[in-house]
Amino acid sequence: MAKQETWFTEYQTDALSLGLRIRQILLAEETPYQHLLVAETETYGRLLALDGAIQTTLQDEFVYHEMITHVPLFMLDAPKKVAVIGGGDGGSIREILKHASVEEAHLVEIDARVVEAARRFFPELSSALDDSRAHVHIENGIDWVKTARAFDVIIVDSTDPIGAAAGLFEPAFYQSIAAALKPDGILVAQSESPFLHQGLIQQMIRGMKTAFEVVRPYVAPVPTYPSGYWSFLMASHRPLTPSPRCRSEAISTRYWTPEMQSAAFVLPRFLEELVT
Ligand code: AG3
């Protein structure tokens, strides 16, 4: 009998997919919000997918989590209060807590089952949630930001703009974030693939410009996300320049470097043209 192979396939568009051979399915469940899958892949290690979309694999999560957190935090001399909307796996909180000045790191995740699955299957990411500076809120991020105040950095670590996450890509949400930030505070949101989601990136930039003076895209490779090339948008009320702290404060990273702090904003021409 032929050896049975199991594959996880993400249908990234209706004409493009990424397949990963898996050793074992560890959890497959329907939560009140979405389908949640945890599986052991051959190539990228343990994987978490929501509604068939890869959120994290142990082998490449460091790129995404370091870049969505350190790039905004190192724009500030002493970020103290930081929030992550989404990101129930805990990877972003883990990176934020590497900054000595951070006093509070809030995680606002709508789906308790994501946090539970992360605590059970991804201790590498979720153990940061046990830190005394970490605060977990199981709540809709859109409602939560409406009453949040005096944050230095708010990070939107969302899934794709469908279902519960759609509102996280709307101008009204960016306006609530602007009100929840200090005057020199920074918003960062993951903004999908420059190859596959150009219209969305432009729409997000327009939305952010209704609430912020400055909006700047930056990029990083994330092999298991659609097209493997990912973008982020950073917004603030003032010009963004790296704090000297990005060279003096030694934090342990695998992708981010002080040079990357600036290099990530160097865009290929097609993307530069898309965003200007
Ligand atoms: N945020 C996921 C980005 C979207 C990936 N999209 C996809 N695979 N279709 C990640 C959450 C990790 N903390």
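Order of listing sets the numbers, starting from 1, for every ligand and every atom in it. Fair warning: this is a prediction, and the values are worked out from it, not measured in the lab.
- Interface of Ala53 with ligand 1, defined as ligand atoms under 4.0 Å from a residue heavy atom, comprises 7 (C), 8 (N), 9 (N).
- Residues Asp111 and Gln34 have side chains that bring a donor and an acceptor to within less than 3.5 angstrom of each other.
- Exactly one residue among Leu240, Ile68, Leu187, Val214 makes a side-chain contact (heavy atoms from CB on, under 4.5 Å) with Met234. That residue is Leu240.
- Taking a cut-off of under 4.0 Å to the non-hydrogen atoms of His65, the atoms of ligand 1 that pass are 12 (C), 13 (N).
- Counted by atom type alone, His65 and Glu61 present one or more donor-acceptor pairs between their side chains at under 3.5 Å.
- In terms of polar-atom proximity, Asp160 is counted as a contact of ligand 1, with an N or O under 3.5 Å from an N or O of the ligand.
- A heavy-atom separation below 4.0 Å is not found between Glu61 and ligand 1.
- The atoms of ligand 1 that sit less than 4.0 Å from any heavy atom of Ser158 are 1 (N), 2 (C), 3 (C).
- Ranking protein heavy atoms by distance to atom 13 (N) of ligand 1, first place goes to Asp89 OD2, 2.6 Å.
- By the criterion of a heavy-atom distance under 4.0 Å, neither the backbone nor the side chain of Phe122 is placed next to ligand 1.
- Taking every heavy atom of Pro226 and a limit of under 4.0 angstrom, the matching atoms of ligand 1 come to 7 (C), 8 (N), 9 (N).
- Tyr33 has its side chain out of reach of Arg113: every pair of non-hydrogen atoms, C-beta onward, lies at least 4.5 Å apart.
- Under 4.0 angstrom from ligand 1, the non-hydrogen atoms of Gln190 all belong to its side chain.
- Both tests hold for Arg216 against Phe265: distance to the six-membered ring centre under 6.0 Å, angle to the ring axis within 45°.
- Not a single heavy atom of Gly90 sits closer than 4.0 Å to an atom of ligand 1.
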query: When you look at Phe173 and Trp144, which way does the ring-ring contact (aromatic ring centres under 6.0 Å, His included) test go after all the steps?
result: CA-CA 11 Å; Phe173 179 59; Trp144 187 86; over 10 Å; no
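- Atoms of ligand 1 found under 4.0 Å from any heavy atom of Thr56 (numbered from 1 in listed order, with element): 12 (C).
- Nearest to atom 10 (C) of ligand 1 among the protein's heavy atoms is Tyr225 OH, 3.1 Å.
- Ligand-side atoms of ligand 1 in range of Gln55: 1 (N), 2 (C), 10 (C), 11 (C), 12 (C), range being under 4.0 angstrom from any heavy atom.
- Ranking the protein heavy atoms by distance from atom 11 (C) of ligand 1 puts Asp157 OD1, 3.1 Å first.
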